[in-house]
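These notes are about the structure you will find just below.
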Amino acid sequence: MIQINVWTVTSSLVEKQLESKLDSAEKVLIRLQDEKHIQFQHIAMAIASNSHMLQAILSRDEVTTSDLLSLHIEGTGADFVAVLNNQGEFIFNEPQTFQVGDAFEYQHLVFDLLADNRVSTNGIGILNNALYYMTIVPIPSNENDTVLLACFKMDTEVLTSLKEIINADLVVYKQSKHAPFVDVVSATIGADTAANLVIEGSHQVSWFEALFQTSDPFVTRDLVLSKFDNTELRVTLVFNVIEQHSSFFQLQLSIIGISILAIILSTVIAFFVARRVVRPMTSLIEGVKRIASGNYGKTLDVSGKLLEIKHLAIAFETMQESIASREKHILYQSQHDNLTSLFNRNYIKNTIDRRLDNDEHIQVIGLNIIGFRQINDLYGYENGDACLIRIAERLTRWPGDASRLSGSDIFWIPESPLDDVKLETLKFILEQPVDTNGLTIPIRIKIGVMDLPVDAQDAEHLFRRMNIVIDQSSDNTQWLMRYSEDLESCYLRRLDIITELKRALWKEQSEFSMVYQPKVCLHTKKVTSVEALLRWNNHKLGNVFPDEFIPIAEQANLIGVMTEWVMGQATADLKQLKLQGYNLCVAINVSSQDIENRVLLTRFADRLEALSLTPSDVELEIIESDFVSDQAMASEKLSSLRELGFNFAIDDFGTGYSSLSYLKNLPVDTIKIDKSFVMNLASNKEDQKIVNIVLKLAQSFGLMVVAEGVEDEMSMALLTEWGCTLAQGYYICKPKPFNELITWIEEKHYET
């Protein structure tokens with residue numbers, strides 16, 4: 001009876017232990033796969049958002065695209081990168097494995113991504129007989145709906161590293177519903193063993209076979225990695241249970257020996273056996289049951305003196321410690337970030353929800369490193385990781401719970417709320433430069449603060465709204481932002497504008513229109529040029545002002561498409577002006593992104609030539625702040641474009657902080673005095689001093705000056721007296737649609 005009980009309890013315990021190991025291995029494998037997909041998603045997004053890559057793809061420049069893909073492969077660790085169209089056909093790929101127009105085997109991933117408007121989609125599949133992690137992301141600012149495919153080889157080395165983490169062998173195989181056989185793709189064990197395990201199906205522990213050593217000591221579990229058509233890609237987790245088989249075999253031998261000895265000597269030493277065997281075994285059984293129930297904290301109370309029982313007790317004690325240690329390690333991994341050792345998103349979410357359920361009032365602080373992507377690009381990912389680790393170390397010196405969500409996003413719940421003074425102290429400490437690998441990396445931090453449950457009722461609301469707060473702090477000069485409903489409204493408004501801009505630019509361009517504001521020469525009183533101004537009347541948002549939607553278009557990488565539309569419409573109208581005998585110049589506003597877009601400006605020059613126009617018929621106006629950020633780059637770009645015949649003007653002159661330093665270096669012909677200095681020129685003495693000085697400065701550099709924002713006759717007279725070249729403003733003419741502009745010119749308000 002004792003032997004039956006020990007058999008039952010021991011086999012049940014070991015089976016539960018093995019089941020627990022299989023469950024843990026499955027969870028860790030899924031978690032590692034999710035982390036890999038997140039990591040590869042970020043890499044794919046970084047490749048897809050590269051401006052040079054976008055230009056090369058749009059221009060179908062095969063050589064440049066191939067070179068850029070090669071550089072990204074070397075820089076990111078990807079093994080295969082490709083650009084696919086919306087039909088899942090290859091446009092570019094590197095290494096060049098497929099021909100242009102070849103169909104991607106997993107086209108359904110592309111269709112699902114585009115149909116659901118996802119940020120990314122992931123999968124595991126086989127390309128050219130090799131196993132890959134596959135991540136697909138849409139390429140922004142691309143009217144052809146192209147996507148970028150990034151593949152990372154899942155070879156034997158990767159499987160081996162996974163094996164070391166989950167402590168189990170892996171067999172990856174492909175199985176078709178219509179094929180009687182399976183195809184082993186990769187494995188960390190021998191090919192024959194792997195094939196047999198897959199063919200035989202799921203392995204479970206057979207203690208009868210273990211007792212007589214009649215079977216291979218394996219237990220397995222099958223997981224589906226991916227499905228496509230009638231084929232499944234599966235992975236089999238394989239545990240070698242030879243130790244359990246051997247221990248079970250030895251245990252059964254010991255029990256059998258003890259039982260036989262007890263039968264032979266039962267009449268002589270019944271009392272001795274009762275004290276030396278039955279009681280210790282009963283205690284051991286109770287201890288085993290306690291371990292099987294998950295109670296690992298108490299030691300086994302075995303008082304017997306038999307050596308076998310002592311060895312068995314020691315073995316179970318070791319097993320108990322091993323299980324407890326492994327569970328503790330798995331629990332730690334499930335709650336912490338591997339890089340910084342801070343808590344992870346799941347832990348902080350549960351903590352916040354639990355404290356809110358307990359009606360606690362808590363302060364949550366969101367931290368983000370400004371320009372973290374640039375740190376990675378400039379100093380390398382290793383040094384970027386070092387910055388995150390150092391900031392995490394500094395933050396953990398403050399009492400509270402800190403969690404890394406992703407990238408450089410960190411959430412922190414202080415033990416007690418911090419006021420603005422303490423927050424500024426925290427910012428000062430976190431922003432100390434990081435010294436790593438002989439480099440000193442400057443750090444800048446932006447902080448968002450939310451008070452719960454006032455600002456959010458659960459963790460998911462908190463995560464979403466904190467992102468809004470952090471994004472808003474990125475768009476202004478404030479380092480500290482607190483949540484408000486106005487912030488969320490602005491954020492939602494911004495999302496609506498981005499969504500409608502994309503639709504309007506790629507589908508409903510009839511929503512856009514052009515107006516033109518004349519510029520008058522103050523010496524001849526003739527109209528010499530007009531400024532082209534974009535207007536947007538959206539069916540959902542109504543009239544949206546350029547000051548609102550143009551900065552958003554720049555941030556969303558939509559400005560190039562918008563500028564191309566403006567250039568096309570403005571040159572078409574300019575051609576009509578020429579045909580009607582008006583020899584005017586059209587000024588077009590462009591951004592720094594447009595200046596760097598060589599493809600855009602080359603197409604613009606080709607369009608001018610096709611319309612029998614020249615670059616000198618247009619003037620490109622660039623906002624002064626775009627020059628200030630990188631004067632060397634601006635000078636180089638403008639000089640190369642100047643060689644094509646384009647003329648340039650500095651718009652909003654006087655609003656930057658280094659205007660004088662670049663006038664002598666930049667190849668510009670005209671400066672436009674910002675309207676904030678001109679609108680009240682007739683009455684404001686300080687504005688008069690500033691404008692007078694700017695005019696004298698421009699004359700010394702031989703530059704023409706346009707005063708925008710002229711609102712009255714006296715302002716126009718002062719500008720004429722001081723030698724200003726051109727003027728524009730409501731006093732002269734409000735911006736008008738093209739037909740009304742022609743009417744206005746024909747009425748001879750000013751000569752042309």
Side-chain angles (χ1 to χ4, degrees), residues 514-523 526-534 546-547 550-551 563 566 570 584-592 594-595 616-629 631 634-635 638 641-642 646-681 684 687-712 715-716 718-720 722-735 750:
M514 296 296 297
V515 294
Y516 298 90
Q517 187 172 32
K519 299 179 185 178
V520 173
C521 176
L522 293 177
H523 301 293
K526 291 184 177 182
V527 178
T528 60
S529 60
V530 293
E531 181 178 3
L533 301 171
L534 179 63
D547 290 347
I550 288 179
T563 301
V566 171
L584 299 178
C585 174
V586 173
I588 299 174
N589 293 284
V590 293
S591 70
S592 59
D594 297 326
I595 293 299
S616 61
D617 289 323
V618 298
E619 184 176 56
L620 303 181
E621 295 186 359
I622 310 173
I623 297 175
E624 180 186 14
S625 57
D626 289 341
F627 290 117
V628 171
S629 59
Q631 295 180 23
S635 179
L638 296 186
L641 294 172
R642 184 66 175 270
F646 288 106
N647 296 319
F648 299 95
I650 301 175
D651 200 2
D652 296 342
F653 184 81
T655 58
Y657 54 84
S658 62
S659 306
L660 304 181
S661 64
Y662 57 73
L663 284 180
K664 65 178 181 179
N665 297 321
L666 292 176
V668 297
D669 310 283
T670 306
I671 59 174
K672 293 186 69 175
I673 302 177
D674 186 66
K675 61 184 178 182
S676 61
F677 302 114
V678 179
M679 294 180 66
N680 300 315
L681 185 64
N684 191 306
D687 286 346
Q688 291 177 10
K689 292 177 182 179
I690 293 173
V691 172
N692 200 353
I693 291 172
V694 170
L695 288 169
K696 291 179 180 178
L697 180 67
Q699 290 169 6
S700 66
F701 281 100
L703 298 174
M704 292 194 300
V705 179
V706 179
E708 58 179 342
V710 176
E711 299 290 332
D712 52 63
S715 297
M716 194 162 177
L718 288 173
L719 291 168
T720 303
W722 293 338
C724 183
T725 315
L726 300 171
Q728 82 182 87
Y730 280 14
Y731 176 71
I732 299 169
C733 179
K734 294 182 179 180
Y750 293 91

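All heavy atoms count here, side chains included; hydrogens, waters and symmetry mates do not.
Taking each heavy atom of Arg642 and Pro667 in turn, the nearest pair found is NH1-O, 3.0 Å. Across all non-hydrogen atoms, the minimal contact from Ala587 to Glu621 is CB-OE2, 3.3 Å. Nearest heavy-atom pair across Tyr516 and Ala570 is OH-CA, 3.6 Å. Of all heavy-atom pairs spanning Ser676 and Asp687, the tightest one is O-OD2, 3.8 Å. Shown here for Phe677 and Phe653, the closest heavy-atom pair between the two residues is CE1-O, 3.9 Å. What you find for Leu718 and Leu681 is that their closest heavy atoms are CD1-O, 4.2 Å.
Formation of a donor-acceptor pair under 3.5 Å by the Asn692 side chain with backbone atoms of Lys689 is not found in this model. Formation of a donor-acceptor pair under 3.5 Å by the Gln517 side chain with backbone atoms of Lys734 is not found in this model.
Between the CG atom of Leu726 and the CD atom of Glu531 there is a distance of 11.5 Å, given to the nearest 0.5 Å. The distance from the CG atom of Leu697 to the CG atom of Leu703 is 8.0 Å, given to the nearest 0.5 Å. Distance check, rounded to the nearest 0.5 Å: CD1 of Ile673 to CG of Asp651 gives 12.0 Å. For the atom pair CG of Asn684 and CD1 of Ile690, the computed distance is 8.0 Å after rounding to the nearest 0.5 Å. The line from CG of Asp617 to CG of Asn647 is 9.5 Å long, rounded to the nearest 0.5 Å. Atom-to-atom distance recorded for Leu522:CG and Thr528:OG1 is 9.5 Å, nearest 0.5 angstrom.
Side-chain contact between Gln728 and Val678: absent, with no pair of heavy atoms (C-beta onward) separated by less than 4.5 Å. Residues Met514 and Leu534 form a side-chain contact, since some pair of their non-hydrogen atoms from C-beta on lies under 4.5 Å apart. At least one side-chain heavy atom of Ile595 sits under 4.5 Å from a side-chain heavy atom of Phe648.
Between the side chains of Glu711 and Asn680, no donor-acceptor pair is found at a separation under 3.5 Å.
A salt bridge is absent between Glu619 and Lys672; no separation between the charged side-chain nitrogens and carboxylate oxygens falls under 4.0 Å.
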